Number of protein chains: 2
Amino acid sequence: MAPRKKQAPEPNTTIPVSMADLARELGVSMTTISRALSDHYSIGPAMKQKVLKLAKKYNYQPNRLASALRKGKSQLLGIVVPYIEGRFFPSVVHGIESAASKAGYNVIICQSNEDVAQERRNLDILLSAQVAGVLVSLSRTTRDFRHFEKLRSRGMPLVFFDRIVEGDNVNAVVLDDQEGGYVSTRHLIEQGCRRIAHIAGPQHLNIYKNRRQGYLDALREAGLPEDESLIVYTDMIQSQAIDAMRDLLASPIPPDGVFAAGDYGALGALQEVHRQGLRVPQDVAIAGFSNETFTVVTEPSITTIDQRCEEMGQAAVRLLLELIEADGRPFAPRQVALRPELLVRNSSVRNSSVRNSLVRHPEGERLVEAAAKASKLA
Amino acid sequence: MAPRKKQAPEPNTTIPVSMADLARELGVSMTTISRALSDHYSIGPAMKQKVLKLAKKYNYQPNRLASALRKGKSQLLGIVVPYIEGRFFPSVVHGIESAASKAGYNVIICQSNEDVAQERRNLDILLSAQVAGVLVSLSRTTRDFRHFEKLRSRGMPLVFFDRIVEGDNVNAVVLDDQEGGYVSTRHLIEQGCRRIAHIAGPQHLNIYKNRRQGYLDALREAGLPEDESLIVYTDMIQSQAIDAMRDLLASPIPPDGVFAAGDYGALGALQEVHRQGLRVPQDVAIAGFSNETFTVVTEPSITTIDQRCEEMGQAAVRLLLELIEADGRPFAPRQVALRPELLVRNSSVRNSSVRNSLVRHPEGERLVEAAAKASKLA
DNA sequence: TTGTATGCGTTATCAG
DNA sequence: CTGATAACGCATACAA
């Protein structure tokens, strides 16, 4: 029996209306109703109008569950991210939701909390929910990828973003970190730096490895020596960057520029340079990576790389929709690498004419205002 | 006809298995399968084991769509937020998702982009998706609340958070902003400030109105005069706060403390005080609001109010689940106000002994590390 | 152009 | 304790 409440309903309670109800009211078949509502070709315009009008009158809401059950595909996309915090993932999710909703899809969001087991469970849940496709950014503890095999065997469209399974048989969207390291370093070189240090992150993580490689590429291109003593490996946290910078400044020939593979590294470097009474960017120019919110509020503001978070989300959705539309037909997997954007700010600009024009760093202000807007109600 | 592909399936493609399949294989009825899987009381333990084993063998995944369709309720919660960016909303969503998934629910997330029309559309979509309940933070352009009436008439459980519909006939979770303004100001008073300015936000927004009221409460309690010339109204952005601070410092008796109703206000104040060669906190102590990420990286770090974002999400889910479980039975609406947490940092601590112990501001470091962790892969 | 009939996968009811 | 059956709301193959 239907679980419809037979008991006396609450005072102002409306019971939802179904296609069958509309059909009965109009004295036509459900088929007709269905066709009118889904804008099927074989439907008389007069009939269609009548149906639409009645639907509006009764405030008809299609039941997407029923539709999805029947069609075997819902209008839902699943997202699995390690967590929804910090600057990066929320922005990507923002991009995903926007792109998805524009295409008529909604998103179910799951957090793996950096835990493979939970990642696995999330995938199962999304399968159960009959989502049309899945977007995944890997948990840090994921070393074994069999659970994704399961999705594949079920024919579930799958796109990775940011933290991806390496290889050319997966669909994925990433930032071109190597390019990011390259343009940052080249920028420092263009500003006259000749001895550029690198505050590196953990090299088992691809992003940091690639940023370092980009740094080396730029040095090589400029004919500058690759000096391992100028590279300090850290966990990319502020305190370690401070130590790193202290060591670098204590060396016989201290650096005149620093490319940090993360903004917290750049921040630590900036603080230590200041502490030693040196000037940024005149004595040491600094560039970071990730466009953290704080990079525009430091004194001076920090040059950094924007990771195109929203674009990443959009690109991932685009790819996923293609995959969904392919509907099981052969589809050549694609890996998309987004071009990072160098945001030049005061921590790196030595040319004074350029510098003056940058003092107001408009893109920075935009960022600050956007962030202020984004922070609660402000 | 079922849309099951009749064409030759892809090489390693598995077709999903249903209860009917299991029933056939075991030679029992679907009813039995259903009961075994849903742990119904009237099922033999032997039978149950057999079924569970077979389910595992075939990797059975229940179809939640079918279940929800039949039961008239899904295991989905809907969230409508203005956007997923900045510090606040992502954290709340994080809290919501965690609490929901712990209770066996998943969340569909929708952005209104500060647009009532989209907010309305989102609610319709969520109704269509047959969610079990809805969590809403109002768009800024929402002045008319009839669309929520529709949810109510459908008996859809609804909880507001942060940006709520005022009144005691709604379920809502908010931060106690007045308390926040109060404890911040009292803290400044305890640090010896006797002339405390207030950088206020737009007063048509409740949060800012309430923070201002809390500020006044603290002054009154301490017997300090309420001086309107010490209150500057801004849109809570950095540039306006700089101007505000300049004016305040130019007055005949400049303030020795500033409570800003937002961290961007505190930041601007800090910068202007420094620019004028004054010291923070010795000459002017400063406190902000919202615990933005940058408040721990400024020099000095900024005392602020934590908004309990995650707790807010959790509380909202708790309330919503109660509502869902009440299942239409009379439920007295409840408004929950979370206690804000004062985070004392260097911008406000004048007592040197306390100050030294705070130089490392452990909660700040935790924050920084968490943020670093949260920023991409770091 | 419209109608009839059936099934998607699950669960509730009722009878054994 | 188990089974047969109907129904949730919708979409489609097929007949008219």
Side-chain angles (χ1 to χ4, degrees), chain A residues 1-7 15-51 55 58-75 127-132 154, chain B residues 1-6 15-51 55 58-76 127-132 154:
Chain A
M1 249 282 301
R4 181 110 78 200
K5 293 196 267 279
K6 291 293 182 203
Q7 71 227 41
I15 49 138
V17 70
S18 77
M19 285 191 177
D21 299 324
L22 297 182
R24 204 173 315 113
E25 173 98 8
L26 271 188
V28 299
S29 78
M30 272 180 53
T31 316
T32 303
I33 304 290
S34 174
R35 283 176 178 148
L37 292 173
S38 56
D39 211 25
H40 193 267
Y41 63 97
S42 69
I43 185 80
M47 190 73 233
K48 189 163 128 186
Q49 283 317 310
K50 275 212 302 198
V51 172
Y58 281 112
N59 218 313
Y60 168 76
Q61 304 263 159
N63 184 327
R64 302 182 110 193
L65 291 183
S67 168
L69 176 60
R70 178 60 234 263
K71 298 203 287 195
K73 276 275 165 266
S74 71
Q75 291 293 102
L127 275 176
S128 280
Q130 315 295 122
V131 295
R154 282 271 218 283
Chain B
M1 251 281 301
R4 181 109 77 198
K5 292 195 268 277
K6 292 293 184 205
I15 49 140
V17 72
S18 75
M19 285 191 176
D21 299 324
L22 298 181
R24 204 174 315 116
E25 173 99 8
L26 270 188
V28 299
S29 78
M30 276 176 47
T31 313
T32 303
I33 304 291
S34 173
R35 282 175 178 149
L37 292 173
S38 54
D39 209 26
H40 193 267
Y41 64 97
S42 68
I43 184 79
M47 190 73 232
K48 188 163 131 187
Q49 283 316 311
K50 275 212 302 194
V51 173
Y58 282 113
N59 216 312
Y60 167 77
Q61 305 265 156
N63 185 327
R64 302 182 108 192
L65 290 183
S67 168
L69 176 61
R70 180 60 239 255
K71 299 204 285 196
K73 278 269 164 272
S74 71
Q75 290 294 101
L76 293 171
L127 275 177
S128 280
Q130 314 296 121
V131 295
R154 283 272 219 283

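What you see is a predicted model, and the numbers here were worked out from it, not measured in a lab. Note that these values count all heavy atoms, side chains included, but never hydrogens, waters or copies made by symmetry. Residue numbers start from 1 in every chain, and the chains themselves are labelled A, B, ... in the order their sequence lines are given, proteins ahead of strands.
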Integer-rounded Å distance: [N] [atom2] and [X] [atom1]:
{"X": "A:Met19", "N": "D:dT12", "atom1": "CE", "atom2": "P", "result": "10 Å"}
{"X": "B:Ile43", "N": "D:dG3", "atom1": "CD1", "atom2": "P", "result": "8 Å"}
{"X": "A:Arg64", "N": "D:dG9", "atom1": "CZ", "atom2": "C1'", "result": "15 Å"}
{"X": "B:Tyr60", "N": "C:dT10", "atom1": "OH", "atom2": "C1'", "result": "7 Å"}
{"X": "B:Lys71", "N": "C:dG9", "atom1": "NZ", "atom2": "P", "result": "18 Å"}
{"X": "B:Met30", "N": "D:dT5", "atom1": "CE", "atom2": "P", "result": "12 Å"}
{"X": "B:Tyr41", "N": "C:dT11", "atom1": "OH", "atom2": "C1'", "result": "14 Å"}
{"X": "A:Gln130", "N": "D:dC10", "atom1": "CD", "atom2": "C1'", "result": "15 Å"}

TODO: Using the closest heavy atom to pick a nucleotide of DNA chain D for each, name whichever of B:Ser29 or A:Thr31 lands nearer the 5' end.
DONE: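 It is B:Ser29, whose closest nucleotide lies nearer the 5' terminus.
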
- [ ] Classify the nucleic acid contact of B:Ser42 as base, sugar-phosphate or nothing, counting any heavy atom under 4.0 Å across all strands shown.
- [x]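 It contacts base atoms.
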
TODO: Have a look at B:Leu65 and say if it touches a base, only the backbone sugar-phosphate, or nothing, with a 4.0 Å heavy-atom cut-off.
DONE: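 No contact at all - B:Leu65 keeps every heavy atom at 4.0 Å or more from the nucleic acid.
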
Open item on the list: Below the 4.0 Å mark, does D:dG3 have OP1 or OP2 next to a side-chain nitrogen or oxygen of B:Thr32?
Closed with: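 Checking B:Thr32 against D:dG3: at least one side-chain N or O falls below 4.0 Å of OP1 or OP2.
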
What nucleotide, of [options], holds the atom closest to the side chain of [X]?
{"X": "B:Ser67", "options": "D:dT12, D:dG9, C:dT11", "value": "C:dT11"}
{"X": "A:Met47", "options": "C:dT2, C:dT10, D:dG3", "value": "C:dT2"}
{"X": "A:Ser34", "options": "D:dT2, C:dG9, D:dA11", "value": "D:dA11"}

Task: Position toward the 5' end of DNA chain C (nearest nucleotide), B:Pro62 or A:Pro45 - done: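 Nearest nucleotide further toward 5': that of A:Pro45.
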
Open item on the list: For the NZ atom on B:Lys73, are there more than 12 heavy atoms of other groups (residues, nucleotides or ligands in this structure) within a distance under 6.0 Å?
Closed with: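 More than 12 heavy atoms, drawn from other residues, nucleotides or ligands, come within 6.0 Å of this atom.
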
Task: B:Thr32 side, atom OG1; B:Leu22 side, atom CG - distance, nearest 0.5 Å - done: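 CG of B:Leu22 is found 11.5 Å from OG1 of B:Thr32.
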
Open item on the list: Under a plain distance cut-off of 3.5 Å, with no hydrogens placed, do A:Ser38 and A:His40 share a side-chain donor-acceptor pair?
Closed with: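 On atom types as modelled, these side chains do not qualify, holding no pair under 3.5 Å.
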
TODO: Using atom types as modelled and distance alone, determine if a side-chain donor or acceptor of B:Ser128 lies under 3.5 Å from a backbone N or O of A:Pro62.
DONE: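 Pair found, side chain donor or acceptor close to backbone of A:Pro62.
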
Open item on the list: Is the shortest side-chain heavy-atom distance between B:Tyr60 and B:Leu37 below 4.5 Å?
Closed with: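 Heavy-atom side-chain distance check passes, below 4.5 Å.
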
Open item on the list: Is there, by distance only and without an angle test, a donor paired with an acceptor across the side chain of B:Arg35 and the base of D:dG3 below 3.5 Å?
Closed with: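 Yes, a donor-acceptor pair under 3.5 Å.
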
- [ ] Please state whether the base of C:dT11 and the side chain of B:Arg70 form at least one donor-acceptor pair under 3.5 Å?
- [x]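 Answer is yes: a donor-acceptor pair is held.
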
